[in-house]
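Data first, discussion second: the structure below is written as structure tokens.
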Amino acid sequence: MKLHLATPADFSFIECVNAHGWKSLLPFFWDADTCVLSRVEDFGADGVALMHVMMNDGMVLIETDAAVNESDLTCRVQRMLQLDVLVADFHRYCEKTARLEHIPTLKQGRLLRSPSLFEDVVKVIATTNTTWAQTKLMVSRIVFSFGLQLPSDPLRRSFPTPQRIADVSVDEFAEKARMGYRNSSVHRIASAIANGELDLESWIDEGISSADLCKRLLSLPGIGPYAASCLMIYMGRYDRVNVDSWARTLVGKEFGRKVTDKEVHQFFESHGEWKALVYHFYQWADP
DNA sequence: TTCCAGGGGTAGA
DNA sequence: TCTACCCATGGA
């Protein structure tokens, strides 16, 4: 089936997909030559389908290899591409701020995210204290071990639901996912969702303050300041910078010396509610 | 062997 | 609030 979605004038599909590394984590597959983003998606009662997302005549075109619920499909793609996230105010701020002028021109500001907050949480945990190569391996092991097979190509699988992970013991999960000390965090979160103790997805649309949202995210096992700030970016909250080793490197170059996390935060302090996006799309003098 | 990578959790000061 | 230490994993 085919479906078209209208996009805001300040939306760029390419910039959204390329904004960070998520396009390289299964079940996402990004074909840079054709500019088609695809992934296997578990539509529950509608089954497992292969989804292709691309631009067509200024609109987002979604193609699936099986009939699925149109409303469900639309919601998932809108979340993936942050079509519901407003960036106009951020672009206006960038227009009058040094080293940010390129952002509205390129229509940057949206970041590819997973169809569910659960998947984003698991993937962010998989980025902590490890290399990007290891992150990709951890995520691919989760997908291949616990995701559902695509009927037309059993080698491709969906990202598992919390229930699929909760259905196995933490030892079995650890043996297959090999996420090190992160195993128990992921399994605990999946189990809490599966048994009804935790309703992660409801956090997305709740109109709570950034401070309260941050507290909630920090209450999750395996989620610390860095991970919480990353997840807040995906939820349209940019007032906390996700200080990582790359941020310390870049700000350290600006200062010409090693910097503390506090100094990295201070470096972005003047950008107020846009701090995290500024870090993400900042034009560094010597990257 | 040792270090460390897109940190988190904890204890102690 | 800060520092120090340990935490699995796997590549360099």
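Every chain is numbered from 1, with letters handed out A, B, ... down the list of sequences.
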Can you list, by residue number, the residues of residues 264-281 of chain A that have a non-hydrogen atom closer than 4.0 angstrom to DNA chain B? none
For DNA chain B, find the residues of residues 165-187 of chain A with a heavy-atom distance under 4.0 Å and give them by number; none if there aren't any.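 Per residue number, the list reads A:Tyr181.
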Sorted by chain and residue number, the side chain to side chain contact (heavy atoms under 4.5 Å, CB included) partners of A:Asn69 (sequence neighbours excluded) come out as A:Asp46, A:Ser71, A:Asp72
Just to verify, what does A:Phe281 make a side chain to side chain contact (heavy atoms under 4.5 Å, CB included) with, not counting sequence neighbours?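 Applying side chain to side chain contact (heavy atoms under 4.5 Å, CB included) to A:Phe281 gives A:Ala19, A:Ile103, A:Gln108, A:Leu111, A:Leu277.
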Describe the nucleic acid contact of A:Leu220 in one word from base, sugar-phosphate, nothing, applying a heavy-atom distance below 4.0 Å. sugar-phosphate
Have a look at A:Ile223 and say if it touches a base, only the backbone sugar-phosphate, or nothing, with a 4.0 Å heavy-atom cut-off.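 The answer is sugar-phosphate, as A:Ile223 gets under 4.0 Å only of primed atoms, P, OP1 or OP2.
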Whether the side chain of [X] engages the backbone of [Y] through a donor-acceptor N/O pair (distance < 3.5 Å, no angle test) should be reported.
{"X": "A:Thr135", "Y": "A:Ala126", "result": "yes"}
{"X": "A:Ser140", "Y": "A:Leu137", "result": "yes"}
{"X": "A:Lys107", "Y": "A:Phe13", "result": "no"}

When rounded to the nearest Å, what value does the distance between C1' atoms of C:dG10 and B:dG9 take?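 Nearest-Å result for C:dG10 against B:dG9 at atom C1': 22 Å.
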Expressed in whole Å, how much space separates the C1' atoms belonging to B:dG6 and B:dT10?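 Comparing C1' positions in B:dG6 and B:dT10 gives a spacing of 23 Å.
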Mind running a 4.0 Å heavy-atom check of residues 116-136 of chain A against DNA chain C and sending the residues that fall below it, in number order?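 Per residue number, the list reads A:Asn129, A:Gln134.
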Rounded to the nearest 0.5 Å, how far apart are CG of A:Asp10 and CZ of A:Phe90?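 If we round to the nearest 0.5 Å, A:Asp10:CG and A:Phe90:CZ are 11.5 Å apart.
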The reported gap from OG in A:Ser210 to CE in A:Met232 (rounded to nearest 0.5 angstrom) is 4.0 Å
At a 4.0 Å cut-off to heavy atoms of chain A, the contacted part of DNA chain C spans C:dC2 to C:dG10
Whether the A:Ser114 and A:Tyr234 side chains hold a donor-acceptor pair (N or O, under 3.5 Å, no angle test) is what I'd like checked.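 The answer is no; no qualifying pair exists.
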Against A:Arg76, only a single residue in A:Glu201, A:Glu41, A:Glu70 fulfils salt bridge (charged side-chain N to carboxylate O under 4.0 Å, His left out); can you say which?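 Of the listed residues A:Glu201, A:Glu41, A:Glu70, the salt bridge (charged side-chain N to carboxylate O under 4.0 Å, His left out) partner of A:Arg76 is A:Glu41.
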